[in-house]
There are 2 protein chains.
Amino acid sequence: MDTEKLIQDLIDNGHKTYIGNLSIDCTIFGYHERRLKVLLLKWKGIEGWSLPGGRIKKTETLQAAAARILQERTGLANIFLKQYQVFGDSDFRVKQPEMTNLLKAMKITVPKNNWLADRTFSIGFYALVEYSEVDPKPDLFTEECNWCDINELPELLFDHNEMVDLAQKTLRQELSYLPIGSNLLPKKFTLPEIHDLYETLLGKSLDRRNFPKKLLALGIIKKLAETRNIGAHRSPFLYRFDMRNYNRALQEGLAVQF
Amino acid sequence: MDTEKLIQDLIDNGHKTYIGNLSIDCTIFGYHERRLKVLLLKWKGIEGWSLPGGRIKKTETLQAAAARILQERTGLANIFLKQYQVFGDSDFRVKQPEMTNLLKAMKITVPKNNWLADRTFSIGFYALVEYSEVDPKPDLFTEECNWCDINELPELLFDHNEMVDLAQKTLRQELSYLPIGSNLLPKKFTLPEIHDLYETLLGKSLDRRNFPKKLLALGIIKKLAETRNIGAHRSPFLYRFDMRNYNRALQEGLAVQF
DNA sequence: ACAAAAGTGTTGTCTTTACACCCATGG
DNA sequence: CCATGGGTGTAAAGACAACACTTTTGT
């Protein structure tokens with residue numbers, strides 16, 4: 001089936017497969033070379049970008065739906081993925097569904113009482129991935145899937161700017177409670193690497209000597225005997241996460257201030 | 001209309017007024033005489049208790065819906081009320097809607113494809129109120145509305161035990177970020193009163209001398225020149241919240257450890 | 001005068017921050 | 001040998017925790 005037929009099928013039959021009135025949108029943060037990026041989709045026929053999103057199947061858990069959406073766009077599985085807020089109060093969500101207008105731009109008409117034209121609440125999730133491992137794939141409604149630096153975001157469709165802002169704010173708060181990194185760094189990494197990661201995520205500089213003390217004191221990371229050759233400079237030591245402590249911290253929570 | 005007619009009307013016509021597949025459940029914490037309570041509803045015809053909940057009207061914001069539900073059960077308005085998680089993954093939510101079974105106990109039959117029989121995701125909110133100001137009112141499905149000590153909760157319907165547990169956990173975390181109390185204490189209150197409040201909420205004892213220092217240092221509370229007569233004991237000074245700082249803290253967040 | 005609750009400050013310990021020099025590596 | 005980035009420890013300041021005696025009030 002070509003795209004138009006698939007969309008038409010979704011309009012006509014989607015309500016048999018998917019839960020109505022409810023969608024998921026994911027703020028997928030990518031970390032690469034000291035920059036924080038967000039994965040965006042460009043809609044067909046208009047100059048509009050949005051976050052990756054999707055619907056929940058009737059027989060699927062919420063967590064599974066979010067994981068599926070993430071996998072469809074990025075190819076990645078087993079990623080830290082967390083719901084942080086339901087969005088439903090923006091004007092266009094309450095009064096009039098934007099979806100119908102967007103599809104109009106693609107010359108597709110949504111019937112007035114169609115399930116897709118209904119008011120939709122969106123459950124916001126965020127995820128953290130290593131962006132060079134991602135193979136971005138657009139979905140039915142979009143023609144491009146690309147990373148965008150979080151500091152250079154355009155105006156997004158729907159209430160997606162609000163979603164990104166809150167996702168970042170939530171992520172920064174979570175850093176005091178949860179260990180982060182095992183999905184973002186290679187198995188073995190150097191102190192400067194994890195240091196840069198935290199600086200990028202928090203958007204502020206952290207003392208180069210004090211920072212590792214905290215992670216070491218918590219037992220989250222362990223120093224290895226090996227070093228990595230980085231060219232014309234002193235070779236930094238490699239570290240790895242202590243997954244026993246890491247996972248314990250994921251469950252029980254931390255209380256660190258960076 | 002009597003209750004059965006109202007329920008029948010909700011089953012037949014509710015889908016015109018309310019959003020499908022989605023509900024709200026509120027963990028309403030009540031504080032009174034150093035105890036933390038939760039507001040529960042007893043369902044008609046069975047020995048089952050649940051949290052207060054409800055549906056979202058099609059033209060209503062999420063926040064407004066939660067506030068309406070809270071007001072319908074408690075009579076209170078302008079209460080701190082916050083969403084903390086969407087629940088949708090429990091077995092009975094995915095596989096089979098409990099609602100149909102519960103209504104069977106009330107001798108009401110829900111047709112197979114009725115909107116109320118659909119899988120429902122519930123957005124969890126929590127709120128904090130002074131329980132002596134509450135006038136608990138049951139809803140259509142319930143015959144009793146009562147406070148229950150949080151340490152003596154029975155097994156609740158649906159996944160509501162999980163909801164209460166997570167609400168309490170979230171509340172305790174929020175205490176480090178948000179000032180709490182202006183809805184829970186009289187305008188003027190004593191140090192022992194706010195001290196007891198925090199001890200109850202956190203479930204641990206706090207040093208009687210160190211505790212006020214933090215609130216005073218943050219500028220959240222201010223000492224007044226008046227005292228309150230408490231009978232055969234020394235009269236404690238009265239304090240009030242400094243609403244300017246209190247509201248600023250609500251927005252910007254705190255970082256205190258109690 | 002006694003019982004019950006409230007008021008108040010200091011000291012020691014721990015945590016956090018600030019800070020600079022030397023070393024390794026490749027070109 | 002030079003340029004660049006990485007490695008490392010200590011001291012001062014600040015935050016936090018522990019702690020007990022005196023005052024008020026009503027009976």
Side-chain angles (χ1 to χ4, degrees), chain A residues 32-35 172 175-177 181 185-186 188-200 202-240 249 253-258, chain B residues 33-35 172 175-177 179 181 185-186 188-200 202-240 249 253-258:
Chain A
H32 189 64
E33 291 179 352
R34 311 195 184 182
R35 307 295 292 174
R172 286 181 176 173
L175 283 184
S176 296
Y177 286 105
L185 295 171
K188 298 175 181 180
F189 52 89
T190 66
L191 282 189
E193 284 170 350
I194 193 169
H195 178 240
D196 289 340
L197 168 63
Y198 270 78
E199 285 196 333
T200 304
L202 291 168
K204 66 178 184 188
S205 61
L206 302 169
D207 188 276
R208 194 160 64 90
R209 280 185 267 191
N210 294 330
F211 171 78
K213 287 181 205 165
K214 306 192 184 189
L215 293 181
L216 285 166
L218 291 164
I220 302 291
I221 62 173
K222 286 206 168 168
K223 188 175 183 172
L224 303 174
E226 318 158 54
T227 57
R228 167 178 299 163
N229 189 316
I230 55 164
H233 308 293
R234 180 168 182 172
S235 308
F237 280 95
L238 289 171
Y239 288 73
R240 64 172 174 76
L254 302 170
V256 210
Q257 211 72 311
F258 288 104
Chain B
E33 289 178 355
R34 310 192 185 185
R35 307 296 293 173
R172 287 181 174 172
L175 281 184
S176 296
Y177 286 105
L185 295 171
K188 298 175 181 181
F189 51 88
T190 67
L191 282 189
E193 284 170 353
I194 193 169
H195 178 240
D196 288 341
L197 168 64
Y198 271 77
E199 285 196 337
T200 304
L202 291 168
K204 66 179 182 188
S205 61
L206 303 168
D207 187 276
R208 195 159 64 91
R209 283 185 264 192
N210 294 330
F211 171 77
K213 287 182 207 166
K214 305 192 186 188
L215 294 181
L216 284 166
L218 292 164
I220 302 291
I221 62 172
K222 286 204 169 171
K223 188 175 184 174
L224 302 174
E226 318 157 55
T227 57
R228 166 177 299 164
N229 188 314
I230 54 164
H233 308 293
R234 180 168 182 173
S235 309
F237 280 95
L238 289 171
Y239 289 73
R240 63 173 175 77
L254 302 170
V256 211
Q257 212 72 313
F258 289 104

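- The shortest distance between side-chain heavy atoms of F189(B) and L197(B) does not fall below 4.5 Å.
- In this entry the distance linking OH of Y239(B) with C1' of dT8(C) reads 10 Å, nearest Å.
- Looking at residues 211-222 of chain A, you'll see K213(A) sit with a heavy atom under 4.0 Å from some atom of DNA chain D.
- When the nucleotides dG7(D), dA6(C), dA17(D) are ranked by their closest atom to the side chain of F237(A), dG7(D) comes out on top.
- At a cut-off of 3.5 angstrom, the base of dA4(C) holds at least one donor-acceptor pair with the side chain of H233(B).
- Rounded to an integer number of Å, the gap from CZ of R208(A) to P of dT17(C) is 17 Å.
- Of the inter-residue distances, the one linking L215(B) atom CG with K222(B) atom NZ reads 14.0 Å to the nearest 0.5 angstrom.
- Remark: H195(A) NE2 to R34(A) CZ distance equals 9.5 Å, nearest 0.5 Å.
- Between the P atom of dG5(D) and the CG atom of D196(A) lies a distance of 11 Å, rounded to the nearest Å.
- Judged by closest nucleotide on DNA chain C, L238(B) is the one of L238(B) and F258(A) placed further toward the 5' end.
- When each of R234(B) and I230(A) is assigned the nucleotide of DNA chain D with its nearest heavy atom, I230(A) is the one assigned upstream, toward the 5' end.
- Taking 4.0 angstrom as the limit, K223(A) places none of its side-chain polar atoms (N or O) nearer than this to OP1 or OP2 of dG6(D).
- In this structure, the side chains of R240(B) and L224(B) come closer than 4.5 Å at one or more pairs of heavy atoms.
- Nearest to the side-chain atoms of N210(A) among the listed nucleotides dG9(D), dA17(D), dC21(C) stands dG9(D).
- Residues I221(A) and L191(A) meet the side-chain proximity criterion, which asks for heavy atoms closer than 4.5 Å.
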How far apart are the C-alpha atoms of K188(B) and E226(B), what are their side-chain angles, what is the distance that settles it, and do they pass the salt bridge (charged side-chain N to carboxylate O under 4.0 Å, His left out) test?
-> CA-CA 10 Å; K188(B) 298 175 181 181; E226(B) 318 157 55; 3.0 Å; yes
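- Protein atom CZ of R34(B) is 8 Å distant from nucleotide atom P of dA5(C), rounded to whole Å.
- If you measure from atom CG of L191(B) to atom C1' of dA5(C), you get 13 Å, rounded to the nearest angstrom.
- The side chain of S235(B) places an N or O atom within less than 4.0 Å of a non-bridging phosphate oxygen (OP1 or OP2) of dT25(D).
- Contacts of F258(B) classified as ring-ring contact (aromatic ring centres under 6.0 Å, His included), with partners at least two apart in sequence or in another chain: Y198(B), F211(B).
- Among the heavy atoms of the strands lying under 4.0 Å from D207(A) is at least one base atom, whether or not backbone atoms are also near.
- If you measure from atom CG of L206(A) to atom C1' of dC19(C), you get 16 Å, rounded to the nearest angstrom.
- Q257(A) has its CD atom 8 Å from the P atom of dT17(C), to the nearest Å.
- Looking at the side chain of A232(A), the nearest of the listed nucleotides dT8(C), dG27(C), dA20(C) is dG27(C).
- dC22(C) atom C1' lies 11 Å from atom CZ of R209(A), rounded to whole Å.
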